[in-house]
2 protein chains.
Amino acid sequence: MGAALPVKVADIAKACGVSPATVSLVLKGSPLVNAKTREKVEAEIKRSGYVYNRAAANLRKQVSTVVALIINDLANPFFAEFASGVDNYLAQRGFVTLLGHSGESVERQAQVLNSLVQHSPVGIILSPAEHTEAEDLTMLNRNLPVLVFNREVPGSWNFLGLDNQTGAEKACQHLLHLGHQQIVFVGGHADSPSCSQRRAGYARAMQLAGKKEYQRFFESAPTKRGGFECASQILEHLADQTPSGFVCYNDAVALGVCQALANKRIRVGWQASVVGFDDIQEAGDHFPPLTTMTTSPKALGERAAEMIFKIRPDTVLHEIVPVELMIRQSTGPK
Amino acid sequence: MGAALPVKVADIAKACGVSPATVSLVLKGSPLVNAKTREKVEAEIKRSGYVYNRAAANLRKQVSTVVALIINDLANPFFAEFASGVDNYLAQRGFVTLLGHSGESVERQAQVLNSLVQHSPVGIILSPAEHTEAEDLTMLNRNLPVLVFNREVPGSWNFLGLDNQTGAEKACQHLLHLGHQQIVFVGGHADSPSCSQRRAGYARAMQLAGKKEYQRFFESAPTKRGGFECASQILEHLADQTPSGFVCYNDAVALGVCQALANKRIRVGWQASVVGFDDIQEAGDHFPPLTTMTTSPKALGERAAEMIFKIRPDTVLHEIVPVELMIRQSTGPK
DNA sequence: CTGAAAGCGCTTACAG
DNA sequence: CTGAAAGCGCTTACAG
């Protein structure tokens, strides 16, 4: 038995003594086909191990069943879970996910996009690499639905993002309600839009609470290590007026902060409180679990996939999803 | 300006007063084309915003540029990084990743596979859902290259996996060299193949060290929470002869164990030592960083993608990748 | 209810 | 160096 050539509708048709058109009708479940004919054809389809060639069908039908998804950083659980949400939704609707990974490189992103558009996706969900500019996206034809996720890109793009400012404001308010007097904002790069938005939310909450003069911002890499090192320094240098409330740029930073506090024998959820942002899976798995601002990344992915089908050439969608406080440590300072 | 119809080679040809064949030649960079003709055509391609329709080309050329990748759990960083490695390699070779996510559900996996095969992938990389049996994979035609990753599936499949046993043996040896007297194996479900392989490696090292009678196995969910709860119990109940060495099923468990130790004020890397497995990104980011058994998941992904192109109908590849000790905490007990 | 013919967008022999 | 024709595997009007 050599490498059997793939069987096609013409083969099925010949084997059944019908025309390809009839086989096609059976394939699409058309009620036009005589029951006996249908049975015969279906049996042959099963017997022969026929596999539908969707690319050929799509070409003829002038449709597409693929959506392209470009992720900036798959190693980040937030984006990995987002991707799983996208794929989930698409699979349910009979679509398929064409994945591209930019690894935060604008050049790789351009290559990946150039490759993916050639597969005629019905739309593109782009979680852009850092510092993506409008001119990096010129391969995206105006009549191809594009949804930018999470990070704004200069220009008018359909967008799905988080309400960073209100989120951070709620985070800070939570700490205030717990009775914390000295609350700082830790982590992220001040020049990133999401960081400045979150800082602004923190600042607003502090101001409304009459604590404008205590505002403190600390920069760090948006990682656990960054948060750890940053918090360690804070605890070292602000020894006399150590903050007890930490609004963090994201969960990774927050987990690093928790670690630094633990090292100093400061019990999180008791002498100090920490709020993260993103609700990555680790936030809930951690011990003690991390209070954070949440919009399930998976739900976001599903929403993004949904939006792709709602994009119209003449309008620009701009959806900012509220983030909610997910309280996992209920106690504050004595 | 209405929704411009996509431009195709025929349009380019007409605009340049040449035949579609010539445009096609230009597209593939054929040296046959006259320089002036080429220039003219290339200019028109650029001007018109032409996008190559790879599906049509592939149909005609009888080739495919897609590889299907089915992941059991994208929220797990190990698999997310694996996926990024696959996509990396494929993108370099001009291929594209068709992503499917099973979420550890055998039924979803079947649906996803059925959908993906219709896109004529050149091959399929499958990181199978738990409890996948041969009969769950009947849609995978014999002459479609399939590579099973990480978990064996009954039957003869091309396979890429980790040397779990030797890895765990090395992990245990490391703890023995550090001088630990009481070493336990923590985490995982005993009935999972990877867990029983790792347990066997631990057992072998203990036996070679003449510590057969101290062997202790503890089961837990393969998560951080599982490791935390398990270790907490161990520390509670084995109070008199507390183990100081922990060979862990995977990094997530190991990080949970670290957390439990920290809560008991036992300093990891000093009074106790923990070894993980997988080297997920968090292992290196953690504080203190986690000593673990490593084969970069990203490198594994790249290797898997490479292997897909080496699969031949008449042979079965079976590659077991060694895992190396990645020492991140160099001290042991006093 | 079924078939013959044309065509989706591309490429490949084959002529010239 | 270039073009006319055929065909990848499918589906869709159109006849009958």
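Only heavy atoms go into these numbers, but all of them, side chains included; no hydrogens, no water, no symmetry mates.
Partners of A:Tyr52 under the ring pair (Phe, Tyr, Trp, His ring centres under 6.0 Å) rule, at least two apart in sequence or in another chain, do not exist in this structure. Scored by the ring pair (Phe, Tyr, Trp, His ring centres under 6.0 Å) test, B:Phe95 finds B:Phe309 as partners (sequence neighbours excluded). When the side chain to side chain donor-acceptor pair (under 3.5 Å) test is applied to B:Ser19, the partners found at least two apart in sequence or on another chain are B:Thr22. Take A:Glu319 and apply the salt bridge (charged side-chain N to carboxylate O under 4.0 Å, His left out) test, not counting sequence neighbours, and it matches A:Arg303. Not counting sequence neighbours, the partners of B:Lys310 by the salt bridge (charged side-chain N to carboxylate O under 4.0 Å, His left out) test are B:Glu306.
A side-chain donor from one of A:Ser127 and A:Asn72 sits under 3.5 Å from a side-chain acceptor of the other.
Taken from CG in A:Leu32 to CZ in A:Arg38, the straight-line distance is 9.0 Å, to the nearest 0.5 Å.
Within a heavy-atom distance below 4.0 Å of DNA chain D, the residues of residues 14-29 of chain A found are A:Ala21, A:Ser24, A:Lys28. The stretch residues 37-50 of chain B comes close to DNA chain D through B:Thr37, each having a heavy atom under 4.0 Å from the strand.
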Enumerate donor-acceptor pairs with a distance under 3.5 Å from any side-chain N or O in residues 111-118 of chain B to protein atoms, sequence neighbours excluded.
from	atom 1	to	atom 2	distance (Å)
B:Asn114	ND2	B:Ala110	O	3.2
B:Gln118	OE1	A:Arg54	NE	2.8
B:Gln118	OE1	A:Arg54	NH2	2.4

Listed pairs under 3.5 Å, donor-acceptor, residues 83-92 of chain B side chains, sequence neighbours left out:
from	atom 1	to	atom 2	distance (Å)
B:Ser84	OG	B:Glu81	O	3.0
B:Asp87	OD1	B:Thr97	OG1	2.6
B:Asp87	OD2	A:His101	N	2.9
B:Asn88	OD1	A:Arg108	NH2	2.8
B:Asn88	ND2	B:Glu302	OE2	3.4
B:Tyr89	OH	B:Arg93	NH1	3.4

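For DNA chain D, the contact window with chain A, defined by any atom under 4.0 Å from a protein heavy atom, covers D:dG9 to D:dT12 in 5' to 3' order.
Residue pairs satisfying the salt bridge (charged side-chain N to carboxylate O under 4.0 Å, His left out) criterion with at least one member in residues 58-73 of chain B, sequence neighbours excluded, are absent.
In DNA chain D, the stems built from three or more successive Watson-Crick or G-U pairs (distances below 3.5 Å) are C:1-3 with D:14-16, C:5-12 with D:5-12, C:14-16 with D:1-3.
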